[in-house]
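Quick notes on the structure that follows.
Small disclaimer: the values here were computed from a predicted structure and weren't measured. In each ligand, atom 1 is the first atom listed, and ligand 1 is the first ligand listed.
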Amino acid sequence: MARKLALVGIGKIARDQHLPAIATNPDWDLVAVVSRNAQVEGVQNFASMEKLLMAGLDIDTISLAIPPQPRFDYAASALEAGLNVMLEKPPGQTLAECHALEALARAKGVTLFATWHSRFADCVPEAKAWLASRTIKQLSITWKEDVRRWHPGQDWIFEPGGLGVFDPGINALSILTEILPYAVHLNAADLEFPSNRDTPIAANLSFTGPNAGKFSAEFDWLQEGPQTWDIDVETDDGVLKLSNGGATLHINDNLVKQGADQEYANLYARMAELVTTSAIDMDLSPMVHVSDAFTLGRRKVVEAFEF
Ligand code: NAP
């Protein structure tokens, strides 16, 4: 029988991805939404999380599609009420918030899922399998997109806790931490902050790891024209290129797979698996790199940014 779900925050990602993915998954029955501004037809609409929780609906899962800044309070109240919780990325503003949510979920015996949608891109499993038996000499991430196109008017992204260019960059780091056969750690970062904003608009990162491999990432939010979401890996036995955010795979310059966009369908399928055993999936490794970049990063002030 389908599980009853409530979706919180009816904004860009809820409309682009969550609502269509839920509608096509027979494991889920969307019975309610929480929105301060929007209405969704065919379900119960609540103006706040408190009103949803007070209504005593027969739901067992909450999916949060809101920005990271308010997420902790929403997630904590749902967990306190004994509900399973699915978190959009990043799972919180800070690592400590995420640890606190995980402890609460354990205490309540419910599922908590820190989703990393890019990990569920079509070619990520193949890339991981191919790299597992090879020695990596060099890996470079190039994540360059146009913030005005993908986040029009979203001022929260430039406010403390909004992560700035790490909002898309953490998607690359979620793939990195999934496909590497071992852990690497950040050893240098340069961060560019617009003079009128509190989060960076560009970042260059380098990491250190085993086998003298060189690992780097370049994030830029001012790229107009073609958008770039690539990971290039040189190994002792050939080269791999993941592009389109993990949807396309080339090995030794030959196209291996041109995948479909299944990320959110896969996320809701994974959540359906987790709730059957009240399991917790809270891998915070992508966020550790972001947190380290803010700790270790050299700050450069650049031109002011307006949408
Ligand atoms: P958004 O459209 O700016 O905001 C989503 C919704 O969250 C808003 O419509 C609003 O819903 C609610 N909200 C905003 N500020 C809030 C606050 N202070 N307190 C409570 N609710 C608030 O953002 P988005 O692009 O959907 O991103 C939401 C999350 O999804 C972020 O963590 C982002 O990283 C992630 N994400 C975004 C994309 C993308 O392409 N944009 C892709 C993947 C993941 P109501 O008006 O309904 O209350």
- Message: Using a 6.0 Å distance limit plus a 45 degree cone around the ring axis, check whether Arg134 lies over the aromatic ring of Trp130.
- Response: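 Verdict for Trp130: a cation-pi partner in Arg134.
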
- Cation over ring, Arg197 on Phe305, under 6.0 Å and within 45°? no

How far is [atom] from the closest protein heavy atom, and which atom is that?
{"atom": "atom 37 (C) of ligand 1", "value": "Ile13 CB, 3.8 Å"}
{"atom": "atom 8 (C) of ligand 1", "value": "Gly11 CA, 4.1 Å"}
{"atom": "atom 15 (N) of ligand 1", "value": "Arg36 NH2, 3.5 Å"}
{"atom": "atom 20 (C) of ligand 1", "value": "Tyr74 OH, 3.3 Å"}
{"atom": "atom 47 (O) of ligand 1", "value": "Ser35 OG, 2.4 Å"}
{"atom": "atom 3 (O) of ligand 1", "value": "Trp156 NE1, 2.8 Å"}
{"atom": "atom 1 (P) of ligand 1", "value": "Gln154 NE2, 3.6 Å"}
{"atom": "atom 29 (C) of ligand 1", "value": "Ile66 O, 3.5 Å"}

- Query: Step by step, would you call Glu80 with Leu104 a side chain to side chain contact (heavy atoms under 4.5 Å, CB included)?
  - Reply: CA-CA 7 Å; Glu80 285 286 4; Leu104 185 53; 3.7 Å; yes

- So which pairs with a foot in residues 33-51 pass side-chain hydrogen bond (donor to acceptor under 3.5 Å, both in side chains), sequence neighbours left out? Ser48-Glu50

- Message: Please determine whether any non-hydrogen atom of Trp116 lies less than 4.0 Å from an atom of ligand 1.
- Response: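 Contact check Trp116 vs ligand 1: negative.
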
- Report yes or no: does a heavy atom of Lys89 sit under 4.0 Å from some atom of ligand 1?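 Yes; Lys89 lies near enough to ligand 1 that a heavy-atom distance drops under 4.0 Å.
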
- Can you tell which of Gly92, Gly9, Gly162, Ala65 gets a heavy atom nearest to atom 5 (C) of ligand 1?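 Considering heavy atoms of Gly92, Gly9, Gly162, Ala65, the nearest to atom 5 (C) of ligand 1 sits in Ala65.
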
- What part of Asp167, side chain from CB on, backbone N/CA/C/O, both or neither, has a heavy atom under 4.0 Å from ligand 1?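 The part of Asp167 near ligand 1 is the side chain, not the backbone.
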
- Item | ligand 1 contact on Pro70 by region, counting heavy-atom pairs under 4.0 Å |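 Looking at Pro70 and ligand 1, just side chain atoms fall under 4.0 Å.
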
Side chains of [Y] and [X]: any donor to acceptor distance under 3.5 Å?
{"X": "Glu178", "Y": "Trp116", "answer": "no"}
{"X": "Tyr268", "Y": "Thr24", "answer": "no"}
{"X": "Gln258", "Y": "Thr248", "answer": "yes"}
{"X": "Thr235", "Y": "Asp237", "answer": "no"}
{"X": "Gln138", "Y": "Asp232", "answer": "no"}

- Query: Which ligand 1 atoms does Tyr264 reach within 4.0 Å, using its non-hydrogen atoms?
  - Reply: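 Selected atoms, number and element: 43 (C), 44 (C).
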
- Which of the atoms of ligand 1 are close to Pro68, meaning less than 4.0 Å from one of its heavy atoms?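 Listed by number with element, the hits are 32 (O).
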
- Task: Go through the steps to decide whether Glu145 and Trp221 satisfy the test side chain to side chain donor-acceptor pair (under 3.5 Å), and finish with yes or no.
- Result: CA-CA 5 Å; Glu145 61 173 57; Trp221 235 354; 3.1 Å; yes

- Task: Can you measure from CD1 (Ile66) to CG (Leu87) and round to the nearest 0.5 angstrom?
- Result: 9.0 Å

- Compute the shortest N/O to N/O distance between Asn37 and ligand 1 and return yes if it is under 3.5 Å, no if not.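 Yes - when backbone and side-chain N and O of Asn37 are compared with those of ligand 1, one distance drops under 3.5 Å.
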
- Ile10-ligand 1 polar pair, N/O distance under 3.5 Å: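 Ile10 vs ligand 1: N/O contact under 3.5 Å present.
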
